[in-house]
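Notes to accompany the following structure.
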Amino acid sequence: MEYNWNWSILFEEQYLNWLISGFGWTVSVALSAWCIAIVIGALVGVGKTVPNKVIRGICATYVEIFRNVPLLVQMFIWYFAVPEMLPDDWGRWMKRDMPNPEFVTAVVALGLYTASRIAEQVRAGIETVPPGLTAAATAHGLSVGQTYRYVLLPISFRMIVPPLTSEFLTVFKNSSLALTIGLLELTAQSQQIAEYTFQGFEAFTAATVIYVCIALVATVLMQLLEKYTRIPGYVGKEG
Amino acid sequence: MADFDFNVIWSSLPFLWQGLQLSLWLTFLSIIGGIVLGTLLALARLSGILPLSLIAATYVNLIRSVPLILVIFWFFFLVPLAIGRPIGSFYSALIAFVLFEAAYYSEIMRAGIQSVKQGQVHAGQSTGLNYWQIQRYVVLPQAFRNMIPILVTQGIILFQDTSLVFVVSLRDFMTASSIVARTEGRLVEMYLFAAVVYFVICFSGSMLVRSLKSRMST
């Protein structure tokens, strides 16, 4: 095995800038997609538990479609196929005038995909609330909306914080798929540095270290949130 | 939308089928390799031997915090360097998938091993079985059976993940669809068709998981 080590390559201005900009794109894609995913995931997850059959069916279909098609295929459909399927004016706008098309597409694709996974967590959270509480709410004369607003959601949202941690980490990792539609995020930048300098070892190590740091920071943040939102009396890590 | 062209799908079916075979074959081999290596990692982690469990834990946590695409890039760069000659992209991809998925399978197997009651291990010890015999005949068969639905679910995720070999142009189903899409200029048809094929396979898989779960709970 022959290899010329040259770690200083990472600190040359050009390549350092590439890494920093890649890091920036990774974080912006992941966080923007996360916002979409939380909102839509919560709506769809709640929709899967409501008494109304039609809403439940629509939400279940959403989850099955977005969960059973690989994210890469979804990314390509949003980027290549959707502009062709829309009315001409819209398609032309998406292809020509939309600002940052790679970024917007990546955020939408990743957000809607992650939403289907969050929806499942939300549904599971709502279903773990003991049925007695719903019965008690009904007995008190609360409407369905009020039962959700005052009983089910406050409990279930606090209970699903721990499983959401791993989804939060996954969204950062999945943001790397944006490179397939040409967004130069962290993984793409490290690959590009490897190609330009032939120092693949150093370039990929740098990206790996940055991803590990992102994972550590995200885990710490979510643990703080978990501590803050834990329901006293429910089983938790510290009992 | 009106000029949706089914002919392009029909005429490229043999080419796509070759790609799908590669995807399925890669999935199958990675599942086998991932489960074997993952089980070993889980055993190392639960072995109670500090250096061993530390190494296993570090490996699993490291792999789980980086994206699969980066791991694929790593191995396409490392494998030829380590072996001294190129071994073809299929084998590089296979090594990357086995080592990557092993981290996820090891977490599943760890939960499975921990789901086996401690009394079973004690019973094995008192019958005079040694460590490997206990794992082989008592713990792992039960752990494996308890975890079958989750192992299958992970298999479905793995099948979806194989589409990422697109980034190194290995000709799986996704890459094949995209080649046809570009050369024929039929992006809408080909990508929607790819989505439908993936959906049918993965949805059937998750129905299988559902029926396995309900059969196990009764």
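Chain naming here is simple, since letters A, B, ... match the order of the sequence lines and numbering starts at 1 in each. On a predicted model such as this, the values are computed, not experimentally measured, just so you know.
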What residue in [options] has the most heavy-atom pairs under 4.5 Å with chain A?
| options | answer |
| --- | --- |
| B:L164, B:V71, B:V167 | B:L164 |
| B:F166, B:F159, B:F203 | B:F203 |
| B:S178, B:C202, B:A181 | B:C202 |
| B:S163, B:G205, B:S177, B:G84 | B:S163 |

>> Can you tell me which of A:I210, A:I214, A:T205 forms the most heavy-atom pairs within a distance under 4.5 Å of chain B?
In response: A:T205

> For atom CZ of B:R145, is the number of surrounding heavy atoms from other residues, nucleotides or ligands below 6.0 Å larger than 12?
Replying inline: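 No, CZ of B:R145 has 12 or fewer neighbouring heavy atoms, counting only those of other groups under 6.0 Å.
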
>> Please verify the inter-ring angle class for A:Y15 with A:Y196; under 30° counts as parallel, over 60° as perpendicular, anything in between as tilted.
In response: perpendicular

> Would you call the rings of A:F76 and A:F80 parallel, tilted or perpendicular if under 30° counts as parallel and over 60° as perpendicular?
Replying inline: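 Rings of A:F76 and A:F80: perpendicular, as their planes differ by over 60°.
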
> Do side-chain atoms of A:Y62 reach the backbone of A:L112 as a donor and acceptor pair under 3.5 angstrom?
Replying inline: yes

> Under a 4.5 Å heavy-atom cut-off, does chain B meet the side chain of A:I65, its backbone, both or neither?
Replying inline: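 Interface part for A:I65: both.
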
Scan side-chain atoms only and decide if [X] and [Y] contain a donor-acceptor pair under the 3.5 Å cut-off.
| X | Y | value |
| --- | --- | --- |
| B:W74 | A:T208 | yes |
| A:Q191 | A:E195 | yes |
| B:D172 | B:T162 | no |

> So, B:E107 and B:R110, do they make that salt bridge, N to O below 4.0 Å?
Replying inline: yes

> B:F77 versus chain A, heavy atoms under 4.5 Å apart: side chain, backbone, both or neither?
Replying inline: side chain

> How would you list, in number order, the residues of residues 47-67 of chain B that have a heavy atom less than 4.5 Å from chain A?
Replying inline: B:L62, B:R64, B:S65, B:V66, B:P67

> When you look at B:F75 and B:F100, which way does the ring pair (Phe, Tyr, Trp, His ring centres under 6.0 Å) test go after all the steps?
Replying inline: CA-CA 10 Å; B:F75 282 97; B:F100 181 81; 9.7 Å; no

